[in-house]
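Numbers here simply count residues along the sequence, with the first being 1. Computed from a predicted model, the values in this text were never measured in an experiment.
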Amino acid sequence: MNPAESLQLGALYDALRTPAPMPADPAQLTGWMARVEADAALTGLISRVLNSGSATEAEVTDAQALFERNGTAADPARVTSAYDVLHRNAD
C-alpha cells in the first residue's frame with residue numbers, strides 16, 4: 001500500500017471511529033444500527049490493514065456487502081474508494 005492510500009484510509013478511520021448519534025425517532029433506530037455495523041466492519045478492517053498489514057479478500061468483500069446493504073454515516077464515495085484500496089491490497 002502506498003503512503004497516499006494509507007493516509008486516505010487513516011482519515012476515513014478517524015471519521016468513522018465515532019458513530020453518528022443515535023436517532024431520537026425509534027423508527028430510525030434499525031437503520032442507524034445497520035449503518036453502525038457496516039461502518040464498524042470497515043473501521044476494523046482499516047485498523048488491521050494499517051497496523052498489521054493484512055485483510056483477506058473475503059473479509060473485504062463481506063464488509064463491503066454490509067456497506068452496500070446498510071449504507072454508511074460517512075461520504076459513500078469515500079467509503080467506496082476505501083474499499084477499492086482494500087481490495088487492491090487484500091491477501
*Is there a chain of hydrophobic side chains (I, L, V, M, F, W, Y, each step under 4.5 Å between heavy atoms) that links Met33 to Leu16?*
no

_Minimum heavy-atom separation for Leu45 and Val60, please, with both atom names._
CD1-CA, 3.8 Å

_I need the Leu9 CG to Tyr83 OH distance, nearest 0.5 Å._
11.0 Å

_Using every non-hydrogen atom in the two residues, find where Ala20 and Ala73 come nearest and quote the distance to one decimal._
CB-CB, 4.2 Å

*asked:* Could you check whether atom CE of Met1 has more than 12 heavy atoms from other residues, nucleotides or ligands sitting under 6.0 Å from it?
replied: yes

*Start with the C-alpha distance between Leu12 and Leu42, add both sets of side-chain angles, then the distance that settles side chain to side chain contact (heavy atoms under 4.5 Å, CB included), and finish with yes or no.*
CA-CA 9 Å; Leu12 182 57; Leu42 175 56; 3.8 Å; yes

*Is there a path from Leu66 to Val36 through hydrophobic residues (I, L, V, M, F, W, Y) whose side chains come within less than 4.5 Å of each other?*
no

*Can you list the residues that meet the side chain to side chain donor-acceptor pair (under 3.5 Å) rule with Ser54, with sequence neighbours excluded?*
none

_Under the salt bridge (Lys or Arg N to Asp or Glu O under 4.0 Å) definition, can you give me all pairs with a residue in residues 74-88, not counting sequence neighbours?_
Glu5-Arg88

*Restricting to pairs with a member in residues 31-51, which pass side chain to side chain donor-acceptor pair (under 3.5 Å), not counting sequence neighbours?*
Asp39-Thr72, Ser47-Asn51, Arg48-Glu59

_Return the OG1 to NE2 distance between Thr61 and His87, rounded to the nearest 0.5 Å._
4.5 Å

